[in-house]
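Quick one: structure below, then a few questions.
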Number of protein chains: 2
Amino acid sequence: MARPGVPSRPRAAGSAGHDTKRALVDAAIVTLKSRGFNGASARTIAGEAGVNQALVFYYFGSVAELLLAALDAVSASRLERYSAGLEAVTDPASLISLAAEVFREDMSSGDISVLAEMVAGSSSNPELGVEVAKRIAPWKEFAGVAIESGFAASSLGPLLSGSEAPHVAVALYLGLEMLSHLEGDRSAAMSMFERLARLAPFLNALSAAPTPALEGDTP
Amino acid sequence: MARPGVPSRPRAAGSAGHDTKRALVDAAIVTLKSRGFNGASARTIAGEAGVNQALVFYYFGSVAELLLAALDAVSASRLERYSAGLEAVTDPASLISLAAEVFREDMSSGDISVLAEMVAGSSSNPELGVEVAKRIAPWKEFAGVAIESGFAASSLGPLLSGSEAPHVAVALYLGLEMLSHLEGDRSAAMSMFERLARLAPFLNALSAAPTPALEGDTP
DNA sequence: GTCTATACTTGGATAGAC
DNA sequence: GTCTATCCAAGTATAGAC
């Protein structure tokens, strides 16, 4: 149908509306969510996208590159949403509130599982692992900023600032997703946030009352 | 060499000292640690054990069954060690001390990664996931007992007892392993325990001083 | 840009010799 | 009980037609 001499803009007709490369990225995300890293082959992804398997290699060179592009897409959209919520974080209670909200969203959408699957799948593949690690760094940075915003005025601040707290937060995020996915039950993870929410007033109260026992070993 | 009519006790000679079935389980553990779930095929495991690939199916029926047997073996040895350390747990400080010690051991030995790989690998395979979930239950039970022992006398007890705390503990354990493995750096995880250890005296002090803000919503 | 066809590799699993 | 040989399915990747 396309006249010769008109190179770009593929797939003018039909359903997707955007080009094949984007369709493959979207299909990779869907496939990672539904069938995991092991199930995300060139064939299954291309099938999900409704295109031929060879196009994975035409556009991305390898399956791993496509999966990384999928991770990039999810990370970008999630971090954008996180950043929007960050402005409301001024104390521990609001931090917990934001964390609970984005976690629930990520569980429902399956977006965390894309990250978790890539982390898990990288264990067999060091080269892929390096690339995944690079893409986790922004999540840790975000966690660090969020924690700092939430605990800046708290006496717990010195205990958390500039420390390994972001690392632990991301690890917990990943672990909760994997365990919830395994057991097919996210209630335990969600009730953790409810517990924290009930603890929030107590944490907020610490903002004014310094606790000597917690200080003295952080420069 | 073996006379006919003497059926059992295979592999009398040689290095391993125990039979092939056990050798395959050990090789499966080694392979899960070094090459991950994806790399743990019948061929690679059998190669590690120095036996033929067909024996995986002769003894276990499928690769998945062998991997579950490997997980069972690791779980049994680790839970035995945990239980031994549990007797010394009487307050938050000793609980933190035990947690740090066993976590460091598990990281060094790679035993956690066996669990983490199986959890991660199960995401593509619901049937396997059910079996893995069954084998995680004892870890959660252990975590629950340990937390209860450590916080029984503390005012934080009501906040933790009978709750989702064991689930969160196991999730954090898994997440820290996966992230440390991915980044090739366990220092962040270990320094988290150092932080907690410094916090321990403060937590112990809470054992006598009840905190009204934390009570009232737990039956 | 997209497809068909194909080469090559790896992996699960079984049959049958020894 | 262990091995060789083999089958079959699935996956990566490339070549070339359209």
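Order of the sequence lines sets the chain letters (A, B, ...), proteins ahead of strands, with each chain counted from 1.
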_Rounded interatomic separation in angstrom, taking OH from Tyr59(A) and C1' from dC3(C)_ = 12 Å
*What's the CD-P distance between Glu65(A) and dA13(D), to the nearest Å?*
10 Å
_Asn52(B) side-chain proximity, nearest of dT4(D), dG11(C), dG11(D)_ = dT4(D)
*Rounded interatomic separation in angstrom, taking CZ from Arg43(B) and P from dT14(C)*: 14 Å
_Tell me the interatomic distance from Leu24(B), atom CG, to dA13(C), atom P, rounded to whole angstroms._
14 Å
*Is atom CD of Glu148(B) surrounded by more than 12 heavy atoms (other residues, nucleotides or ligands) closer than 6.0 Å?*
no
_Within a 6.0 Å radius of atom CZ on Arg81(B), are there more than 12 heavy atoms belonging to other residues, nucleotides or ligands?_
yes
*Cut-off 3.5 Å, side chains only: do Tyr82(B) and Asp106(B) have a donor facing an acceptor?*
yes
_From C-beta outward on Tyr58(A), which listed nucleotide comes closest to its side chain: dG12(C), dA13(C), dG1(C)?_
dG1(C)
*Taking atom P of dG1(D) as reference, at what distance in whole Å does atom CD of Gln53(B) sit?*
18 Å
*Does any donor atom in the side chain of Ser94(B) or Asp91(B) lie under 3.5 Å from an acceptor atom in the other side chain?*
yes
*The side chain of Phe57(A) lies closest to which of these nucleotides: dG12(C), dC3(D), dA13(D)?*
dA13(D)
*dT2(D) phosphate, OP1 or OP2, under 4.0 Å from Thr20(B) side-chain N/O*: yes
*Whole angstrom is fine here: how far is it from CG in Leu66(B) over to C1' in dA13(C)?*
14 Å
*Please give, in whole Å, the distance from dT10(C) P to Phe37(B) CZ?*
19 Å
*asked:* What I'd like to find out is whether the side chain of Val74(A) reaches to under 4.5 Å of the side chain of Leu115(A), using heavy atoms alone.
replied: no
*Given dA10(D), is OP1 or OP2 found less than 4.0 Å from the side-chain N or O atoms of Ser41(A)?*
no
_Side chain of Val63(A) only, heavy atoms from C-beta on: which candidate in dA13(C), dC3(D), dA13(D) is closest?_
dA13(D)
*Taking the side chain of Ala54(A) as heavy atoms from C-beta outward, which of dT14(C), dT2(C), dT14(D) is closest to it?*
dT14(D)
*What is the distance from CZ of Phe60(B) to P of dA13(C), rounded to the nearest Å?*
14 Å
